[in-house]
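The first residue of the sequence shown is numbered 1, and numbering continues consecutively from there. Both counts, for ligands and for their atoms, begin at 1 and track the order of listing.
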Amino acid sequence: MKPKIIVARPIFEEVLTRLRAHFDVTDNQADQAWTLASWTAQLAQHDGALTTGIDPVNAEVLKACPQLKAVANMAVGFNNFDVLAMTAHGVQASNTPDVLTETTADFGFALLMATARRLTESEHFLRRGEWKQWRYDMFAGTEVHGSTLGILGMGRIGQGIAKRGAHGFGMKVIYHNRSRLSPELEAECKAQYVSKEELLRSADHVVLVVPYSAASHHTIGAAELAQMKPTATLVNIARGGIVDDAALAQALRHRTIAAAGLDVFEGEPQVHPDLLTVPNVVLTPHIASASVATRMAMANLAADNLISFFTQGRALTPLNTVGA
Ligand code: DGY
């Protein structure tokens with residue numbers, strides 16, 4: 001008998017077809033919204049699951065799912081998982097690193113440029129029919145080339161953004177991370193390690209790429225925003241909750257920083273109402289990894305993780321070690 005898996009959210013038909021060759025698959029192509037209770041009840045009837053970054057697998061959920069053996073997240077971030085609890089329950093956790101690095105770095109840079117050069121604000125102005133004539137100061141923004149790029153969180157995506165900034169735009173790159181990069185990687189990224197305080201004080205553009213955890217909650221709040229230059233921009237492509245969105249909306253309204261670009265939000269898909277009313281913010285709905293090719297690669301890697309676990313006993317890109 002094939003193991004039973006559930007695919008929590010809609011996914012490429014090709015990937016479902018691959019999964020059906022190995023598993024008895026429950027899909028959710030209709031995009032039925034789960035409550036925590038209905039999700040838990042569904043999961044409890046399966047041996048494995050393919051989740052996205054929003055489907056919770058925590059101690060409470062796991063208690064109701066003794067049959068569950070493996071959950072593959074179609075995301076590099078896994079703050080929807082309690083990995084310790086998964087290990088304790090003998091459930092293999094996996095994510096999709098690497099395949100989205102360059103695409104997400106592209107988007108981080110796009111959001112930085114859109115924010116600095118006031119792309120959406122000026123487009124809305126044009127669409128409202130308010131463009132009457134050219135003016136020297138119309139939507140004059142912040143320089144990107146030659147400026148100082150500060151990257152908080154220097155994993156693979158942070159390094160991708162650093163390379164784009166340093167090599168493509170002649171930016172001075174500074175970074176802060178839990179651990180310092182090797183001298184070789186620092187040279188490759190042309191990046192200089194600094195304290196968080198120095199980064200906030202000196203960067204013209206701050207990009208956040210830190211993973212979310214209790215320890216990184218509100219890494220950027222009112223105090224940190226106050227340390228930034230009034231001309232600086234802030235980009236968050238990491239996770240909601242890394243930034244205190246209420247404090248950010250205040251800083252944008254009072255122009256204590258110039259602008260922000262946000263792809264992720266506290267409590268998304270809800271967006272703090274104050275962020276919707278300030279003009280100097282570019283808002284996108286958590287799409288940093290959303291190129292067709294990359295989403296396909298993520299879906300295939302998540303599927304391969306399940307196939308590998310159920311045929312070889314180990315996911316290809318595991319987050320924990322389970323079993324004998
Ligand atoms: C990721 O892979 O973590 C992206 O944010 C999509 O959830």
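By the 3.5 Å distance cut-off applied to N or O atoms, Arg295 is not counted among the residues near ligand 1. In terms of polar-atom proximity, defined here as any N/O pair under 3.5 Å, Val76 does make such a contact with ligand 1.
Residue-environment remark: CZ (Arg178) stays at or below the threshold of 12 foreign heavy atoms within 6.0 Å. A 6.0 Å sphere centred on NZ of Lys4 holds more than 12 heavy atoms belonging to other residues, nucleotides or ligands.
The distance from ligand 1 to the heavy atoms of Leu100 drops below 4.0 Å at these ligand atoms: 2 (O). Those atoms of ligand 1 that come under 4.0 Å of a heavy atom in Ala75, given as number and element, are 1 (C), 2 (O), 3 (O), 7 (O). In summary, the atoms of ligand 1 found under 4.0 Å from a heavy atom of Arg239, numbered by their order in the structure, are 1 (C), 3 (O), 4 (C), 5 (O), 7 (O).
No donor-acceptor distance shorter than 3.5 angstrom exists from the side chain of Asn236 to the backbone of Val207, with no hydrogens or angles considered.
Residue-ligand proximity: Gly77 is placed with a non-hydrogen atom under 4.0 Å from ligand 1.
Every side-chain contact (heavy atoms from CB on, under 4.5 Å) that Thr35 has, sequence neighbours left out, goes to Ala37, Ser38. Remark: Ser289 engages Arg295 in a side-chain hydrogen bond (donor to acceptor under 3.5 Å, both in side chains) (not counting sequence neighbours).
For atom 4 (C) of ligand 1, the closest non-hydrogen atom on the protein side is His286 NE2, 3.7 Å.
Counting heavy atoms closer than 4.0 Å to ligand 1, residue Thr52 contributes nothing at all.
The distance between the ring centers of Phe310 and His22 does not fall below 6.0 angstrom.
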